[in-house]
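To start, the structure itself, in structure tokens.
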Amino acid sequence: MTHTARRMFELLEPICLVTYFADECNEELATLGHRTYWDGYFASRAAPLGRVPAQVVHAAFYSFAEGEAARHIPSAWETVPPEASVTARERGSAASVRRILGDELADSPGLVRAADLTTKAATSAPTEGRVMYAGMRTLAVPADPVARLWHSATMLREHRGDGHVAALVGARIGGTEAHVLSALAQGIHPPESFGRIHHLPKKRLAAVMDGLRERGLVDTDGRFTDAGRETQQRVEALTDELAAPPYDALSPTELDELVAELEPITAALVAAGSR
């Protein structure tokens, strides 16, 4: 099932990424009154948790630097209710998926079947210890197949993300440190240039790199040591293991069918860069 979880991540991630890469979601959130991309991001992704303080959002999201959530939460909800942000995110994301796929693929029986099986998996996992996933589970599953596929893929993404946070905490890898290790795994050097962290103060990034060097995870040139690479791979392997439970709900035949139906959908999204 660990192999299945990794394969499903590869197939479902491009569906989820339209929320962050394509224009429609950001346009929907801007129309509501969110001033910036990040206002919309924090407001709509955190909304299933309810009107929690920034500290809770920071803890649940995990990978953002100290103070980043507080720049948007709760101010982003002062004029736009969380429920409106959730609806706009779903509407814009589904519109992106449909545009990229085209009507023929978006209206195909294969997409309907993929949405049904993805939803079966996404609504079957335990919620204990899965804060973001549990929040998503409180939302109604859309009736429209394209929206349902995006919604269920996003539920599974948050389920996986909760497990990834648990794996990182267990390995004593902080959020910014996780981005450094991820950058190195992608062949990005220097890792401080990675898009998710390059905007952070240089003093902060230097402290993170120094800490990783002291632990023997990166060398003096800011590259992986053997111990660092092993740590990163161990975290990823545990993330896959923790992401497997939703797929226990599907039979081997259903899993094979889901992979087959998702492959052309994912291929179209990858070709478009989920934009």
Side-chain angles (χ1 to χ4, degrees), residues 1-22 45 60-63 93 96-97 100-101 110-111 113-127 129-137 148-171 173 175 178-179 181-188 194 196 231-252 254-275:
M1 291 306 293
T2 298
H3 171 76
T4 296
R6 172 58 61 165
R7 180 61 178 141
M8 293 308 303
F9 169 68
E10 294 167 349
L11 288 168
L12 294 173
E13 183 72 352
I15 298 171
C16 304
L17 290 180
V18 300
T19 304
Y20 312 111
F21 292 171
R45 186 180 169 212
F61 284 16
Y62 192 72
S63 61
S93 298
S96 296
V97 174
I100 294 168
L101 296 184
L111 184 138
R113 184 59 173 159
D116 290 344
L117 291 173
T118 302
T119 301
K120 183 178 180 180
T123 56
S124 299
T127 57
R130 308 275 184 166
V131 174
M132 292 300 299
Y133 171 65
M136 285 289 296
R137 283 283 297 272
R148 186 163 71 251
L149 178 60
W150 170 84
H151 177 87
S152 297
T154 300
M155 273 199 285
L156 290 166
R157 187 178 200 258
E158 295 292 17
H159 179 278
R160 181 184 179 88
D162 287 331
H164 188 55
V165 169
L168 290 168
V169 171
I173 301 295
H179 285 314
L181 299 188
S182 177
L184 290 173
Q186 295 175 58
I188 298 172
F194 185 36
R196 291 294 302 274
T231 296
Q232 192 272 337
Q233 292 173 346
R234 186 172 68 250
V235 166
E236 288 299 312
L238 181 54
T239 299
D240 287 339
E241 182 180 342
L242 295 174
Y247 305 106
D248 291 337
L250 303 181
S251 69
E254 287 175 324
L255 280 169
D256 289 343
E257 186 180 3
L258 178 55
V259 169
E261 300 295 1
L262 282 175
E263 282 179 339
I265 295 169
T266 300
L269 289 160
V270 169
S274 295
R275 297 181 184 276

Using the salt bridge (charged side-chain N to carboxylate O under 4.0 Å, His left out) criterion, which residues pair with [X]? Sequence neighbours excluded.
{"X": "E236", "value": "R6"}
{"X": "R130", "value": "none"}
{"X": "R45", "value": "E158"}

Of all heavy-atom pairs between [X] and [Y], which one has the smallest distance, and what is that distance?
{"X": "A60", "Y": "V131", "answer": "CB-CG1, 4.4 Å"}
{"X": "V270", "Y": "P14", "answer": "CG2-CG, 3.7 Å"}
{"X": "L156", "Y": "P246", "answer": "CD2-CB, 3.5 Å"}
{"X": "S274", "Y": "F21", "answer": "O-CB, 3.4 Å"}
{"X": "A5", "Y": "R160", "answer": "O-NH1, 3.9 Å"}
{"X": "E261", "Y": "G110", "answer": "OE1-CA, 3.2 Å"}

Exercise. How would you list, by chain and number, every residue that makes a side chain to side chain donor-acceptor pair (under 3.5 Å) with Q233, sequence neighbours excluded?
Worked result: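 Per chain and number, Q233 pairs via side chain to side chain donor-acceptor pair (under 3.5 Å) with no residue.
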Problem set entry | T266: side chain to side chain donor-acceptor pair (under 3.5 Å) partners, not counting sequence neighbours |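 By the side chain to side chain donor-acceptor pair (under 3.5 Å) rule, T266 matches no residue at all.
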Flag the pair [X] / [Y] as yes when at least one side-chain heavy-atom distance between them is below 4.5 Å, and no otherwise.
{"X": "L262", "Y": "R7", "result": "no"}
{"X": "I15", "Y": "L12", "result": "yes"}
{"X": "L117", "Y": "E257", "result": "yes"}
{"X": "V235", "Y": "H164", "result": "yes"}

Is there a donor-acceptor contact under 3.5 Å from the side chain of [X] to the main chain of [Y]?
{"X": "H159", "Y": "A122", "result": "no"}
{"X": "R137", "Y": "A125", "result": "yes"}
{"X": "T19", "Y": "C16", "result": "yes"}

Rounded to the nearest 0.5 Å, how far does [atom2] of [Y] lie from [atom1] of [X]?
{"X": "S182", "Y": "I173", "atom1": "OG", "atom2": "CD1", "value": "12.0 Å"}
{"X": "R148", "Y": "D116", "atom1": "CZ", "atom2": "CG", "value": "4.5 Å"}
{"X": "L11", "Y": "I265", "atom1": "CG", "atom2": "CD1", "value": "9.5 Å"}
{"X": "R157", "Y": "E13", "atom1": "CZ", "atom2": "CD", "value": "4.0 Å"}
{"X": "R113", "Y": "E254", "atom1": "CZ", "atom2": "CD", "value": "6.0 Å"}
{"X": "Y20", "Y": "R275", "atom1": "OH", "atom2": "CZ", "value": "14.0 Å"}

Problem set entry | Full working for side-chain contact (heavy atoms from CB on, under 4.5 Å) between V169 and Y62 | CA-CA 10 Å; V169 171; Y62 192 72; 3.8 Å; yes
For this session: Apply side chain to side chain contact (heavy atoms under 4.5 Å, CB included) to A260 and list each qualifying residue two or more places apart in sequence or on a separate chain.
Result: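 Per chain and number, A260 pairs via side chain to side chain contact (heavy atoms under 4.5 Å, CB included) with no residue.
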